[in-house]
Number of protein chains: 2
Amino acid sequence: MESKKTTIKDIARMTGLSKGTVDRVLHNREGVSKKSYAKVMEVIKDLGYEPNLYASLLAQNKKREIVVVLPGCEKGEFWELVEKGIAKSQDSCSSLGISLQSVHYDQYDIESFRAACKKVLDMEPAGVVLPPMFKNETFVFVDKLKAKEIPFVYIDSKLESDSYLAYFGMPIYQSGYLCAHILTDEQNLKEAAIIRIQRDKHGQSDPTINRREGFIDYMTEHFPGCELHNVFINPNKPKEIDGILEHFFAEHPGVRHIAMFNSRIYLITSFLEKHPEKKYRVVGFDNLAANIKSLKNGTVTALIAQRPDDQAVKAIGALSDLLVFGREPSKRDNFMPMDILTRFNAEYY
Amino acid sequence: MESKKTTIKDIARMTGLSKGTVDRVLHNREGVSKKSYAKVMEVIKDLGYEPNLYASLLAQNKKREIVVVLPGCEKGEFWELVEKGIAKSQDSCSSLGISLQSVHYDQYDIESFRAACKKVLDMEPAGVVLPPMFKNETFVFVDKLKAKEIPFVYIDSKLESDSYLAYFGMPIYQSGYLCAHILTDEQNLKEAAIIRIQRDKHGQSDPTINRREGFIDYMTEHFPGCELHNVFINPNKPKEIDGILEHFFAEHPGVRHIAMFNSRIYLITSFLEKHPEKKYRVVGFDNLAANIKSLKNGTVTALIAQRPDDQAVKAIGALSDLLVFGREPSKRDNFMPMDILTRFNAEYY
DNA sequence: AAATTTTCCGTTACCGTGCACGGAAACTGC
DNA sequence: GCAGTTTCCGTGCACGGTAACGGAAAATTT
């Protein structure tokens, strides 16, 4: 049992052939007689031969590239957290002989996404990681990837099809459901406010829609009498936000519970900090630095976070596992845990 | 920029030395003059040399072994979750040429721990992972490891000393603090019950003590008037537990909040299920299957979990990073996030 | 100054696979 | 029977790094 692992040389010796021929059999290359082929296969099975990965990779001496296609972003925005995950993966990738590249586009400009896709295809990468931001364009893109036999992994959210290698992201509908559970804390509510972003989405795949469904379903099931107010704000006009909120809450003094389904809860903390006596119960999403700050000072009650860095790390890991070790991921759909962050556990995330 | 990665040969050429000497520098082996050493180091930095993992592992052709020393346990107990992490690591380890072994002992029998330690030392492992269960004996053990220059990593909790490579575990005091925060939900409390395990601990390192301190500190700071009742139960006499609890809660009808600082909240769910009308608010620790079950059916309000599987994965990862890549962990103390589990996010952990 | 030790470094034989090259044997057509 | 194909297979170098071996140069001792 302490014997060395069997090598190609052993098989060559056992069969009376040379390692060149054994190699040909292993790779199903032509130029082997049926008799020799059968003999080699038999010995391989008998000895339980497994090729030495290191030697193989060393001899191949290929360089592979994984490309992550992401919206470019300002400091402190959600996608920056994904970038952190990419940075984390850099080390392990480079020591596996894989280089990591990011390609950015403007998430509000479909043309820039098309350009990014073209760029990626020209790079001929060994694998691609992407969040599906523009639904139709993403379908077009991944079809091309499929045609080139380039594996790809979705993060953040996914599009249904049978061609993606894996998906790493939050269970979005359930995150809305959970949000409602935390917001109400099982206390009966009469009213609650949902703060929404005012923007024309043309063809964007928007997880917040699905999330809102989860939220509303929870409320309907548990507190059907609760009235849900939608309040719209525009992140491009930050100065107007406080006014809009002041106006709304003046008209609805009974509302003490606030939820928001995107990562921008920090947009309303300025308003909240002006009314500490109201003790609003506020639940938002994602561990942006600005959100965490408001969480720690008590302005925000809880955040639901989804480990965007881990999503990137795992997506890249799944690809490199495939590329280097030939291992298919065990699951295609990998839901990340929904982390509940409060002021007393936030700093450990 | 499309140039090949720099190799040892490149460095040899650039410095006018041979690759043997470069290799000596890379491994800090002796027999290199200061001048040559400096020259090589400079070129390495300039070219940004990174060794080729495959070639290195292939040439070394070593087999190393990482040993995890753990309390053996029944199905469904805490340490089983750590075992899951070990199983997860098996794949990545074996493809890195590392084999993983577990050595078990009885957590209530110090002699069995001594025997386990001896066994581990005889195995001459390349690295060791362990939770420090018996304080003094662990010190004796890790001293021997240190003498043999075997790196070791603490999980779950840690002992203060300067010899451990890394620690992966929950911030224990803070977890008690957080527990109180969740239990009270910022509502003023008059009374609360702490369920404790009755057992004589001889020399065991017990995280629950520290955790209770955190809990009590939170309560003292936020609700100084709240009376905390200690209720002791004995896990070896499960039939008595319900009676003890019935008796206690009959005598203290005002108590509606319950906390428990070990992983055994499932011991009291039988009692809780008999009194659904009381709507006890119950917070416990760790995502054991039995606990999760009570969480999902609403008996338990929340669990604070610490990713025991991740602890194992990361501990093993830190060791193999050191063994294979020579990378020291960036941090010695790695606190795991304290996950707040409720009935609606538990299944994603 | 010779003898010895120590310090330093180049050489070389691997590790297990991949693959190009070329040669031997078998098979073809005349 | 000979030249030309085709089929099959062995040889040998390459991949990048490791580490033992031994020799030259420098430092030390006698």
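Being a predicted model, the structure only gives us computed values, none of them experimental. To find a chain, count down the sequence lines: A is the first, B the second, and so on, and within it residues start at 1.
A heavy-atom distance below 4.0 Å to DNA chain C is reached by none of the residues of residues 40-49 of chain B.
B:N28 places its CG atom 13 Å from the P atom of D:dA19, with the value rounded to the nearest Å. In this structure, B:N61 atom CG and D:dA20 atom C1' are separated by 15 Å, rounded to whole Å. Atoms CZ (B:R29) and C1' (D:dG17) sit 10 Å apart, rounded to a whole Å. One atom, CD1 of B:I8, and another, P of D:dA19, lie 11 Å apart when rounded to the nearest Å. Here the P atom of nucleotide D:dC15 and the NZ atom of A:K63 are 14 Å apart, to the nearest Å. B:K9 has its NZ atom 10 Å from the P atom of D:dG17, to the nearest Å. Protein atom CD of B:Q60 is 12 Å distant from nucleotide atom P of D:dA20, rounded to whole Å. Rounded to an integer number of Å, the gap from NE2 of B:H27 to P of D:dA19 is 6 Å.
Nucleic acid contact for B:L58: base, since at least one base atom lies under 4.0 Å from a heavy atom of the residue. Residue-level contact check: B:N52 touches the backbone only, with heavy atoms under 4.0 Å from sugar-phosphate atoms and none from bases.
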Compile the donor-acceptor pairs under 3.5 Å between side chains in residues 313-321 of chain B and protein atoms, sequence neighbours left out, one pair per line.
| unit_1 | atom_1 | unit_2 | atom_2 | d |
| --- | --- | --- | --- | --- |
| B:S320 | OG | B:I316 | O | 3.1 |
| B:S320 | OG | B:G317 | O | 3.2 |
| B:D321 | OD2 | B:R327 | NE | 3.4 |

Side-chain donor/acceptor pairs under 3.5 Å, residues 119-134 of chain A, sequence neighbours excluded:
none

Collect all protein-nucleotide pairs involving nucleotides 23-26 of chain D in which both atoms are nitrogen or oxygen and the distance is under 3.5 Å.
none

Atom pairs, N/O to N/O, protein against nucleotides 8-14 of chain D, distance under 3.5 Å?
| unit_1 | atom_1 | unit_2 | atom_2 | d |
| --- | --- | --- | --- | --- |
| D:dC9 | OP1 | A:S33 | OG | 3.1 |
| D:dC9 | OP1 | A:S36 | OG | 2.4 |
| D:dC9 | OP2 | A:S33 | N | 2.9 |
| D:dG10 | OP2 | A:S18 | N | 2.6 |
| D:dG10 | OP2 | A:S18 | OG | 2.6 |
| D:dG10 | OP2 | A:T21 | OG1 | 2.8 |
| D:dG10 | N7 | A:R24 | NH2 | 3.0 |
| D:dG10 | O6 | A:R24 | NH1 | 3.3 |
| D:dG10 | O6 | A:R24 | NH2 | 3.4 |

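Taking A:E83 as the reference, A:L70, A:I86, A:S102, A:H104 meet the side-chain contact (heavy atoms from CB on, under 4.5 Å) condition, with sequence neighbours excluded. B:D156 meets the side chain to side chain donor-acceptor pair (under 3.5 Å) test with no other residue; sequence neighbours excluded. A:Y154 is linked by a ring pair (Phe, Tyr, Trp, His ring centres under 6.0 Å) to A:F152, A:Y164, counting only residues two or more places apart in sequence or in another chain. A search for side chain to side chain donor-acceptor pair (under 3.5 Å) contacts involving B:D23 returns B:H27, B:R29, not counting sequence neighbours. The ring pair (Phe, Tyr, Trp, His ring centres under 6.0 Å) check on B:Y105 picks up B:F113, with sequence neighbours excluded.
Residue pairs that meet the salt bridge (charged side-chain N to carboxylate O under 4.0 Å, His left out) test with at least one member in residues 46-57 of chain B, sequence neighbours left out, are B:K5-B:E50.
Other residues, nucleotides and ligands contribute only 12 or fewer heavy atoms inside 6.0 Å of the NZ atom of A:K35.
No side-chain donor-acceptor contact under 3.5 Å links A:N334 and B:Y348.
Over its full length, the helix from C:dA1-D:dT30 to C:dC30-D:dG1 turns its helical axis through 40°, comparing axes from the five pairs at each end and rounding to 10°.
In this structure, A:N287 and A:Q306 have side chains that are not in contact, with every pair of non-hydrogen atoms separated by 4.5 Å or more.
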